[in-house]
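See structure below.
Just so we're on the same page: letters track the sequence lines, and every chain starts at 1.
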There are 2 protein chains.
Amino acid sequence: MENAGVQTVSSQRLGKIEGVNPSQIRKDLSMFGSFGHRGFGYEVSQLKAHITEILGLNRKWSLVIIGAGQLSNVFINSGAFRKRNLRIRKIFDDTPELIGKKIKGISVSGMKNLEEEIDPETDNLAIIAVPPNRVQSVIDRLGKIGIKGALYFAARAVNAPEDMVVVNQDVSVELGTLTYHLKARINQGAG
Amino acid sequence: MENAGVQTVSSQRLGKIEGVNPSQIRKDLSMFGSFGHRGFGYEVSQLKAHITEILGLNRKWSLVIIGAGQLSNVFINSGAFRKRNLRIRKIFDDTPELIGKKIKGISVSGMKNLEEEIDPETDNLAIIAVPPNRVQSVIDRLGKIGIKGALYFAARAVNAPEDMVVVNQDVSVELGTLTYHLKARINQGAG
DNA sequence: TAGATTGTTAATCGATTAACAATC
DNA sequence: TAGATTGTTAATCGATTAACAATC
């Protein structure tokens with residue numbers, strides 16, 4: 001909206017865009033403060049700034065990527081991180097040809113140096129892009145040195161320390177969602 | 001669990017693994033049938049079969065990928081699709097060097113042939129892996145020819161026809177979730 | 001001022017959890 | 001049989017929505 005030059009937006013309009021009730025929009029936002037103006041709505045740039053702050057994306061974060069495969073490359077090249085103040089500081093992988101090299105300016109270290117080269121004071125979170133059967137061991141190692149947040153991609157549940165936020169974003173769940181709904185529609189069409 | 005040779009599992013144990021109340025497990029499953037045995041729990045292989053069927057993953061699905069970038073390659077190489085009976089039938093992209101070629105045995109066509117070469121009777125769903133600003137137009141085109149399900153990756157909301165299930169899986173949301181929680185923890189630590 | 005829209009309280013709705021009879 | 005655990009009903013809890021005074 002900001003790019004489109006929209007100045008002001010109402011809960012009504014926001015609700016329509018996101019497919020939720022306008023009250024929901026107002027209620028949710030009011031949990032964090034009063035960002036709107038009665039009679040007018042919300043100023044787009046202000047609202048964006050507030051949400052950015054709520055999410056903690058107004059400050060800089062440092063992160064490491066574990067695993068230097070195709071998926072990691074997607075992230076390294078995506079710009080989604082830079083745009084959100086998320087700096088990829090280091091990559092860990094066990095491929096001999098990559099260790100000691102740089103990928104897009106980010107240096108690659110061997111997995112065995114993980115504990116040594118990650119400092120939770122510096123690196124706030126980790127993206128775990130290793131094969132599914134290695135995810136748990138990586139989380140264990142990261143948890144042990146005190147990393148407090150991680151994102152992983154695997155069709156399985158994992159264990160993590162109490163004070164570590166671990167989020168899964170495997171495509172499997174969404175694929176299941178799609179086929180579940182499609183199945184229902186097809187049956188409906190047939191019935 | 002099946003791989004680990006576990007025969008039987010209780011709602012108690014499943015709840016522990018997923019971090020939810022055992023009642024929740026039983027209630028949710030009972031929406032679709034009675035898959036357990038009183039006094040014993042659920043038989044792992046049977047439960048898996050039931051869930052597979054509920055999700056519609058017991059039948060074969062055909063899908064197309066729009067966009068032949070790095071992300072598409074992750075999917076093409078991942079095996080997550082084949083494992084779930086999801087067959088990638090065709091890829092669409094506008095890179096001249098790719099059109100007419102095959103990627104891992106899947107043929108690539110130009111974007112302009114999209115309407116011509118996709119038949120919703122054959123292709124049930126689409127993975128949209130194009131730059132964010134092109135996602136909406138792809139959804140419009142797919143919706144028009146009657147594709148009923150799509151998965152896309154972009155930090156923006158889209159419009160789709162009523163009868164089309166569109167799921168977003170952009171990494172941005174999860175990154176925001178992580179920084180939101182981390183921020184709270186850090187403030188807590190400081191306070 | 002009249003019209004619009006917020007922020008918030010109250011009402012509704014649905015989802016989660018507890019409890020327990022059924023039963024393996 | 002005694003112990004365990006489901007499937008389901010009832011109770012609780014929380015989330016969503018409606019309503020409206022405040023006010024721009």
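Within a 6.0 Å sphere centred on CD of E2(A), other residues, nucleotides and ligands contribute more than 12 heavy atoms. Atom CZ of R134(B) sits in a sparse spot, with 12 or fewer heavy atoms from other residues, nucleotides or ligands closer than 6.0 Å. Residue R141(A) places its CZ atom among more than 12 non-hydrogen atoms of other residues, nucleotides or ligands, all under 6.0 Å distant. Heavy-atom contacts from other residues, nucleotides or ligands closer than 6.0 Å to CD of Q46(A) number more than 12. At most 12 non-hydrogen atoms from other residues, nucleotides or ligands lie less than 6.0 angstrom from CD of Q12(B). Counting non-hydrogen atoms of neighbouring residues, nucleotides and ligands closer than 6.0 angstrom, the CZ atom of F35(A) exceeds 12 such neighbours.
When the P atom of dT6(D) is taken as reference, atom NE2 of H37(B) falls 11 Å away, rounded to whole Å. Rounded to an integer number of Å, the gap from CG of L29(B) to P of dT6(D) is 10 Å. As a whole-Å value, the separation of L14(B) CG from dT6(D) C1' is 13 Å. Per the geometry, CZ belonging to F32(B) stands 14 Å off P belonging to dT8(D), to the nearest Å. The interatomic distance linking Q12(A) (CD) with dA18(D) (P) rounds to 11 Å, in whole Å. Residue F40(B) contributes atom CZ, which lies 14 Å from atom P of dG7(D) at whole-angstrom precision. One atom, CZ of R13(A), and another, C1' of dA4(C), lie 16 Å apart when rounded to the nearest Å.
Residue order along DNA chain D, read from the 5' end via each residue's closest nucleotide, puts G33(B) first among G33(B) and D28(A).
Looking at R185(B) and D163(A), no side-chain N of the basic residue comes within less than 4.0 Å of a carboxylate O on the acidic one, giving no salt bridge.
Shown for residues 41-52 of chain B: residues whose heavy atoms fall under 4.0 angstrom of DNA chain D, namely G41(B), Y42(B). Residues from residues 16-23 of chain A lying near DNA chain D, meaning a heavy-atom separation below 4.0 Å, are N21(A), S23(A) in numerical order.
Here the side chain of R26(A) is nearest to one of dT6(D), dC24(C), dG7(C), namely dG7(C).
Minimum interatomic distance between G56(B) and K183(A) (heavy atoms only, all atoms of both residues): CA-CD, 3.7 Å. The two atoms that bring V74(B) and V74(A) nearest to each other are CG2-CG2, 4.1 Å, heavy atoms only.
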task = Fill in the dot-bracket string of DNA chain C, one character per base: . for unpaired, | for a pair to another strand, ( ) or [ ] for pairs within the strand, taking Watson-Crick or G-U pairs under 3.5 Å.
result = ..||||||||||||||||||||||
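You'll find the ring centres of F153(A) and F75(B) outside the 6.0 Å limit.
Rounded to the nearest 0.5 angstrom, I88(A) CD1 and S62(A) OG are separated by 10.0 Å.
A continuous path of Ile, Leu, Val, Met, Phe, Trp and Tyr side chains, each step under 4.5 Å between heavy atoms, connects I147(B) with V135(B), placing both in one hydrophobic cluster. The same ILVMFWY cluster, assembled from side-chain heavy atoms under 4.5 Å apart, contains both I76(A) and I127(A).
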Expected rows: protein N/O vs nucleotides 21-23 of chain C N/O, under 3.5 Å:
| residue | atom | partner | partner atom | Å |
| --- | --- | --- | --- | --- |
| dA22(C) | N3 | R38(B) | NH1 | 2.9 |

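Between S11(B) and dT5(D) there is no side-chain N or O to OP1 or OP2 distance below 4.0 Å.
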key: Pair S172(B)-R84(A), side chain to side chain donor-acceptor pair (under 3.5 Å): steps then yes or no   = CA-CA 9 Å; S172(B) 308; R84(A) 286 173 184 75; 2.9 Å; yes
message = Output one letter per nucleotide in nucleotides 10-15 of chain D: B when a protein non-hydrogen atom lies under 4.0 Å from the base, S when only the sugar-phosphate is that close, - when neither is.
response = ------
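Side-chain contact between Q169(A) and V173(B) is absent, with no heavy-atom pair separated by less than 4.5 Å.
In this view, D140(B) and Q136(B) satisfy the side chain to side chain donor-acceptor pair (under 3.5 Å) rule, not counting sequence neighbours.
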